[in-house]
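We're numbering straight along the sequence, starting at 1. Hydrogens, waters and symmetry mates are skipped; everything else that's a heavy atom, side chains included, is used.
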Amino acid sequence: MSEELATENVQRGLLTRILGQRIVYYTCIDSTNRAGKALAQQGAAEGTLIIADEQTAGRGRLERPWLAPRGTSLLFSLVLRPHLEVRLAQGLTMIAGLAVQEAIRDVCGLPARLKWPNDIMLHGRKAGGILTEMSSTGHRLDYVVVGIGLNVNLPLHSLPPEFQATCIQHELGRPVPRLPLLQHILAHLERRYAALQRGRWPVQEWAAALETLGQRVELRTAGQPVRGLALRVDEDGALLVHLDSGEVRRVLVGDIVPQHTAERRAQEDG
Ligand code: BT5
């Protein structure tokens, strides 16, 4: 199973012309995003795919860990060199989420949803995440590394229960090969990436895929958590939350937890 994602296998069925034309495969690496940034700095071509069967230091935002036992997940990063202004980089996270959603539907027939700002959800639980990191000069992007982690055939007991995680195998009732999922993600992402660079801004489609809008949430940013109603996302992808204090807060960076989940966790913590 581990060799499934080896370079020649991925390349054989590639449905793309840019993404994955160069592949760097590791059985084990610290983090594909870390490797992607290093390669990008050394001039790696647009579309370079870094993929691993295991990460020893997989990361989410704010250096949070991304955990995945060997051979159970898709763990990969893409080096992109988009002709986009820095303020539009959030669009890459949006199209990555939409591409993963489409690939899960194509290959498994499951209705994945997204959760602001970067989660992939199956039946209300987190099945994947996106980590977009960039380097820029002035208003222009030099490169962007888009990292995707997706729980495919992952024994749920291998993750801490507080992650509220799930995986495709659990939701579908049978294991799923990772290779076709990867190839469909790349194909959808390549099409969406071309459209984004032609000026097609994905926010409306993305907003329609978000599952937490219209719900009461706990908002976690730098300060104390606050509660309110998640109203909508604006044109930039920022979340607007109507706080219980009456203020409508616009948030570009942070996390939201549905309020019933936050309350249940607080009770469990005593
Ligand atoms: C993310 O961050 O969700 C982005 C994760 C991106 C991981 C990929 S794997 C390939 C590439 N290389 C890397 O090093 N990273 C990328 P964030 O929103 O900050 O969520 C992190 C949180 O998700 C953690 O604090 C845990 O609570 C939870 N988590 C960790 N592993 C998980 C898993 N396998 N399934 C579900 N939740 C998980």
### Task
Before giving the answer on side chain to side chain contact (heavy atoms under 4.5 Å, CB included), spell out for Leu172 and Leu110 the whole-Å C-alpha distance, their side-chain angles and the decisive distance to 0.1 Å.
CA-CA 7 Å; Leu172 199 62; Leu110 284 174; 3.8 Å; yes
### Task
Any chance you could lay out the side chain to side chain contact (heavy atoms under 4.5 Å, CB included) test for Arg140 and Glu85, step after step, and finish with the verdict?
CA-CA 5 Å; Arg140 287 276 146 197; Glu85 287 185 31; 4.0 Å; yes
### Task
Please lay out, stage by stage, how Leu15 and Leu186 fare under the test side chain to side chain contact (heavy atoms under 4.5 Å, CB included).
CA-CA 8 Å; Leu15 306 163; Leu186 296 180; over 6 Å; no
### Message
Apply side chain to side chain contact (heavy atoms under 4.5 Å, CB included) to residues Gln90 and Asp236 and explain how you reach the verdict.
### Response
CA-CA 8 Å; Gln90 167 77 359; Asp236 300 328; over 6 Å; no
### Query
Is there a side-chain hydrogen bond (donor to acceptor under 3.5 Å, both in side chains) between Tyr26 and Gln55 once you walk through the steps?
CA-CA 9 Å; Tyr26 297 92; Gln55 294 183 126; over 6 Å; no
### Message
One pair to check against side-chain hydrogen bond (donor to acceptor under 3.5 Å, both in side chains): His123 and Glu171. What are the steps and the verdict?
### Response
CA-CA 8 Å; His123 299 131; Glu171 300 302 332; 2.6 Å; yes
### Message
Test salt bridge (Lys or Arg N to Asp or Glu O under 4.0 Å) on Lys126 and Asp119; report intermediate values, then the result.
### Response
CA-CA 7 Å; Lys126 183 159 172 171; Asp119 291 345; 2.8 Å; yes
### Task
Please lay out, stage by stage, how Thr27 and Asp53 fare under the test side-chain hydrogen bond (donor to acceptor under 3.5 Å, both in side chains).
CA-CA 5 Å; Thr27 48; Asp53 263 308; over 6 Å; no
#### Entry: CA sep, side-chain torsions, deciding dist, call: Glu102, His188, side-chain hydrogen bond (donor to acceptor under 3.5 Å, both in side chains)
CA-CA 7 Å; Glu102 285 176 300; His188 285 297; 3.3 Å; yes
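We find the CZ-CD1 distance between Arg191 and Ile95 to be 10.0 Å, quoted to the nearest 0.5 Å. Within the model, atoms CG of Leu150 and CG of Leu182 stand 10.0 Å from one another, a figure rounded to the nearest 0.5 Å. Note that CD of Glu190 is 14.0 Å distant from CD1 of Ile185, once rounded to the nearest 0.5 Å. To the nearest 0.5 Å, the span separating NE2 on His242 from CG on Leu231 amounts to 7.0 Å. Taken to the nearest 0.5 Å, the CG atom of Leu189 stands 9.5 Å off from the OG1 atom of Thr16. Expressed to the nearest 0.5 Å, how far NZ of Lys37 lies from CE of Met134 amounts to 10.5 Å.
Between the side chains of Ser135 and Asp142, a donor-acceptor pair is found at a separation under 3.5 Å. Between the side chains of Asn33 and Glu133, at least one donor-acceptor pair of N or O atoms lies under 3.5 Å.
Annotation: side chain of Leu181 is in contact with side chain of Cys108 (closest heavy-atom distance under 4.5 Å). For the pair Arg174 and Gln169, the minimum side-chain heavy-atom distance is 4.5 Å or more. Using a 4.5 Å cut-off on side-chain heavy atoms (C-beta onward), Ser31 and Thr56 make no contact. Taking 4.5 Å as the limit, some side-chain heavy atom of Ile23 sits within range of a side-chain heavy atom of Gln11. Two residues are said to be in side-chain contact when any heavy atoms from C-beta on lie closer than 4.5 Å; Cys28 and Arg70 fail this criterion. Under the 4.5 Å side-chain criterion, counting only non-hydrogen atoms from C-beta, Thr132 is in contact with Val144. Contact annotation: the side chain of Thr212 approaches that of Val217 to within less than 4.5 Å [non-hydrogen atoms, C-beta and beyond]. Leu219 places a side-chain heavy atom less than 4.5 Å from the side chain of Val251.
Taking all atoms of both residues into account, the shortest heavy-atom contact from Trp116 to Ala238 is NE1-C, 4.3 Å. The two atoms that bring Thr72 and Pro155 nearest to each other are CG2-CD, 4.0 Å, heavy atoms only. Taking all atoms of both residues into account, the shortest heavy-atom contact from Glu205 to Leu98 is O-CD2, 4.0 Å. The shortest heavy-atom contact between Leu154 and Pro69 is CD1-CD, 3.9 Å. Scanning all heavy atoms of the two residues, the minimum distance from Glu4 to Leu179 falls at OE2-N, 3.0 Å. When every heavy atom of Ala35 is checked against every heavy atom of Ile50, the shortest pair comes out as CB-CG2, 4.1 Å.
Arg178 contributes no side-chain N or O that, together with a main-chain N or O of Leu5, makes up a donor-acceptor pair within less than 3.5 Å. Without hydrogens or angle criteria, Glu54 side chain to Ile29 main chain gives no donor-acceptor distance under 3.5 Å. Side-chain atoms of Ser136 never come within 3.5 Å of backbone atoms of His139 as a donor-acceptor pair (strictly under, hydrogens ignored). Using a distance-only test at 3.5 Å, with no hydrogens or angles considered, no donor-acceptor pair links the side chain of Arg113 to the main chain of Gln101. Not one N or O on the side chain of Glu211 forms a donor-acceptor pair closer than 3.5 Å with the backbone of Lys115. Formation of a donor-acceptor pair under 3.5 Å by the Glu46 side chain with backbone atoms of Arg81 is found in this model. Judged by distance alone, the side chain of Arg192 and the main-chain N or O of Leu92 form no donor-acceptor pair under 3.5 Å. Using modelled atom types, no side-chain atom of Asn118 and backbone atom of Thr93 make a donor-acceptor pair closer than 3.5 Å.
Residues Leu88 and Val86 fall within the same hydrophobic cluster, defined by Ile, Leu, Val, Met, Phe, Trp and Tyr side chains chained together at heavy-atom separations under 4.5 Å. Under a hydrophobic-cluster definition in which Ile, Leu, Val, Met, Phe, Trp and Tyr are linked whenever side-chain heavy atoms come within less than 4.5 Å, directly or via other members, Met121 and Leu239 are assigned to different clusters. Cluster annotation: Val79 and Ile51 are assigned to distinct hydrophobic clusters (Ile/Leu/Val/Met/Phe/Trp/Tyr, side-chain heavy-atom contacts under 4.5 Å, transitive). Tracing side-chain contacts under 4.5 Å through hydrophobic residues (I, L, V, M, F, W, Y), one never reaches Leu131 starting from Leu75; they form parts of separate clusters. Connection of Leu196 to Tyr143 is not established within any shared hydrophobic cluster, with ILVMFWY side chains joined at heavy-atom distances below 4.5 Å, either directly or through further cluster members.
For the salt bridge (charged side-chain N to carboxylate O under 4.0 Å, His left out) condition, the pairs that include at least one residue of residues 239-248, sequence neighbours left out, are Arg216-Asp244, Glu247-Arg249.
When the shell of 6.0 Å around CD of Glu162 is examined, it contains more than 12 heavy atoms from other residues, nucleotides or ligands. Arg64 CZ: more than 12 foreign heavy atoms inside a 6.0 Å radius.
For the side chain to side chain contact (heavy atoms under 4.5 Å, CB included) with Asn151, the qualifying choice from Thr166, Leu159, Leu156 is Leu159, the only one to do so. Checked options Val10, Val24, Leu19, Thr7; the residue passing with Leu49 is Val10 (criterion: side chain to side chain contact (heavy atoms under 4.5 Å, CB included)).
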